[in-house]
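Written below as structure tokens is the structure these notes are about.
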Amino acid sequence: MRILLICPYFPPENAIAAVRMGSFARHLAEAGDSIRVLAREPETSGLSEPDAELEIAVQRVPDPAIATKMHLRRLALMTDPRRLVDIPGNSQGNQGLVPAVRDKVERGVRSIVNFPDPFTYWAFRAIRKADLQDWMPDVIVASAGPMSSFVVAQRLSRLYKVPWVADYRDLLSTGFYFPFGRFRRSIDRRVEYSLVKGASAITAVSQPMADHLARFHGARVHLVMNGYEPTEFGVPPASESSPAAVSQLSLVYCGEVYAGRRDPSQLFKAMRTLQGHGSDVTVDFYGATVNWLQELVVREGLVGRVHLHKRVNHAESLSLQCSADVLLLLTWNDPREAYTMTGKVFEYIGARRPILMLGYKNSAAARLVRDRRLGVIANEPDDIAAALSAWAREKQSRGAISQVSEGAGVGLTRRDQALAMRAILTRITP
């Protein structure tokens, strides 16, 4: 098949969205398909690009919003009340907008300008510049968010008279992370429904999400998860641990944190209760250096036991995961998190380290952790402390923490999921 993949994020952009589409491109090409990708110029780097010998051609369309974003950042400095901006003739300076007013104005402007999302300008440019005359696709796969990917797919599907697939990594207008109010949500719901109505198939990364989307669209939704890449994970060399290393239980977290949602507060309370009880626990956060987290570490008295590092590239992240004793998975402890299946959990499966998950116990991610016996799900400090103590005792007695069973990842590789997507494409392609 000749398959066109549409997603603004694509390797080397260091984003979890780029990982999914990059793996689809690679494994579909290895299966013998000819792949074209329509993406934007990356803002970041860190992911490995597909092998040059594979039949994958990437057309990158510059995103005008990136330049606009830099201008808006400079404008934000001018309206920040913590900075005095000198204005000619005003010796008192300008305190800027009151934060509440400023935030309200900013949300209002974004709700108008960013429709259906900040990638809308990239989408219209991508439609105009899509160079497919010498290579007609048999089928199109568009991955979202953003919804703008669906806009591009619908237009090109009509232009070239080929079927397209709406691939959901996240919920859009029906999700609980929708950034705007009820009026804007009602508009986006109509737009999303209208766009996807023309798709020949719909896919989602978790079963709860698939069930939700099936109700919204009134159509069947196929499950195609994210998966992990076994070849990316090396086995750490066996070595004698120092007495200090054996007595210390190390946790690693790679990703963003959000106060009240992806929030380690309960973990920190558990660590504080363990102080002086023979369980020396440390946590390293990579990519989570926000001020509130730094302040929380100080407030809980965990300086020296909790370490905050800058974001690392994908390969470094995987290496760090493999060398940890336990991997920390932070999700929102709320029923609204039921649909979420973060790609991070599949990386953790590949690393074969036990998982300590904080979050909603009936979410898609929690079910996977529980069903595959990948680790412990806990939210109360006492329960978290009990799990940490058990792991600490295991390490002290055995010198290391046991790996998760290799069988836990059966059927969950990226190749498995790419072939599941390929089976769907084969059925809808004339």
Side-chain angles (χ1 to χ4, degrees), residues 3-28 35-50 56 58-63 65-66 69 114 116-123 126 140-153 164-173 175 177-179 192 195-196 202-206 209-210 213 223-229 232 254-256 258 262 287 311-315 317-318 331 339-348 350 364-365 414 417-418 421:
I3 305 170
L4 174 63
L5 303 180
I6 298 174
C7 184
Y9 301 104
F10 194 78
E13 183 134 22
N14 194 13
I16 195 66
V19 173
R20 179 173 174 84
M21 296 307 282
S23 72
F24 279 172
R26 173 189 168 186
H27 290 293
L28 291 172
I35 307 299
R36 290 281 181 98
V37 181
L38 194 55
R40 69 172 185 170
E41 293 286 350
E43 272 192 278
T44 60
S45 62
L47 291 182
S48 299
E49 297 188 64
I56 301 173
V58 183
Q59 182 183 356
R60 299 192 183 274
V61 178
D63 185 355
I66 293 177
K69 187 188 300 184
N114 296 336
D117 50 58
F119 293 88
T120 185
Y121 309 105
W122 171 85
I140 298 170
V141 179
S143 189
M147 194 191 302
S148 288
S149 294
F150 291 170
V151 174
V152 178
W164 73 281
V165 175
D167 176 53
Y168 280 88
R169 299 187 319 276
D170 300 291
L171 294 177
L172 300 175
S173 65
Y177 291 97
F178 187 76
E192 181 182 346
L195 286 170
V196 178
I202 308 170
T203 59
V205 296
S206 76
M209 184 186 292
L213 290 169
L223 176 63
V224 180
M225 293 184 286
N226 283 312
Y228 71 98
E229 190 64 65
E232 293 179 342
C254 298
E256 303 294 334
Y258 304 100
R262 294 182 188 175
R311 190 174 188 178
V312 296
N313 65 37
H314 191 240
S317 173
L318 300 183
T331 62
Y339 311 112
T340 303
M341 178 67 87
T342 172
K344 186 62 63 181
V345 70
F346 293 98
E347 290 186 359
Y348 286 4
R414 290 189 198 144
Q417 303 310 311
M421 175 64 81

- prompt: Considering all heavy atoms of both residues, which atom of Leu172 and which atom of Ala144 are nearest to each other, and what is their separation?
  reply: CD1-CB, 4.2 Å
- request: Drop me the distance from Leu171's CG to Tyr177's OH, to the nearest 0.5 angstrom.
  value: 10.5 Å
message: I need the minimum non-hydrogen distance between Ser317 and Glu347, along with the two atoms involved.
response: OG-OE1, 4.3 Å
Stepwise side chain to side chain contact (heavy atoms under 4.5 Å, CB included) check, Leu28 with Ile56: CA-CA 9 Å; Leu28 291 172; Ile56 301 173; over 6 Å; no
field: Taking every non-hydrogen atom, the tightest pair across Met225 and Gln417
entry: N-OE1, 2.9 Å
statement: Residue set satisfying salt bridge (Lys or Arg N to Asp or Glu O under 4.0 Å) with Arg60, at least two apart, ordered chain then number -> Glu49
message: Taking the side chain as everything from C-beta on, heavy atoms only, tell me whether Arg40 gets closer than 4.5 Å to Val61.
response: no
query: With Phe346, which residues qualify under ring-ring contact (aromatic ring centres under 6.0 Å, His included), at least two apart?
result: none
- prompt: Mind checking whether Thr331 and Thr340 have side chains closer than 4.5 Å, heavy atoms only?
  reply: no
statement: Between the CD1 atom in Ile3 and the CD1 atom in Ile140, the distance rounded to the nearest 0.5 Å is 11.5 Å
field: Arg414 vs Arg26, side chain to side chain contact (heavy atoms under 4.5 Å, CB included): CA-CA, chis, key distance, verdict
entry: CA-CA 10 Å; Arg414 290 189 198 144; Arg26 173 189 168 186; over 6 Å; no
message: Could you check whether any side-chain heavy atom of Ser148 comes within less than 4.5 Å of a side-chain heavy atom of Pro8, counting everything from C-beta outward?
response: no
- prompt: How would you list, by chain and number, every residue that makes a ring-ring contact (aromatic ring centres under 6.0 Å, His included) with Trp164, sequence neighbours excluded?
  reply: Phe150
Side chain to side chain contact (heavy atoms under 4.5 Å, CB included), paired with Val37, selected from Ile6, Val58, Leu4: Val58
message: Would the distance check show the side chain of Ser206 and the main-chain N or O of Tyr339 forming a donor-acceptor pair, the cut-off being under 3.5 Å?
response: yes
- prompt: Nearest 0.5 Å, what's the CE-CG distance between Met341 and Leu223?
  reply: 8.0 Å
statement: Minimal heavy-atom distance between Asp167 and Ser143, with the atoms involved, is OD2-OG, 3.0 Å
- request: Determine yes or no for a side-chain-to-main-chain donor-acceptor pair under 3.5 angstrom, with Glu192 supplying the side chain and Ser173 the backbone.
  value: yes
Glu41: partners by salt bridge (Lys or Arg N to Asp or Glu O under 4.0 Å), with sequence neighbours left out: none
- request: Would you please name every residue forming a side-chain hydrogen bond (donor to acceptor under 3.5 Å, both in side chains) with Asn226, sequence neighbours left out?
  value: Arg20
field: Where Arg169 and Cys7 come nearest, the two heavy atoms and their spacing
entry: NH1-SG, 3.8 Å
query: What closest approach, in Å, do Met21 and Val141 show between heavy atoms, and which atom pair accounts for it?
result: CE-O, 4.3 Å
query: Can you find a heavy atom in the side chain of Asn14 that is under 4.5 Å from one in the side chain of Arg311?
result: yes
message: Using the rule given for side chain to side chain contact (heavy atoms under 4.5 Å, CB included), can you reason through Trp122 versus Val152, listing the C-alpha separation, both sets of side-chain angles and the distance that settles it, and then say yes or no?
response: CA-CA 10 Å; Trp122 171 85; Val152 178; 4.1 Å; yes
Residues that Ser23 engages under side-chain hydrogen bond (donor to acceptor under 3.5 Å, both in side chains), provided they are two or more places apart: none
field: Phe10 CZ to Leu38 CG distance, which is reported to the nearest 0.5 Å
entry: 11.0 Å
query: Is the centre of the Phe119 ring less than 6.0 Å from the centre of the Tyr9 ring?
result: yes
task: Could you tell me the separation between the CZ atom of Phe24 and the CE atom of Met421, rounded to the nearest 0.5 Å?
output: 4.0 Å
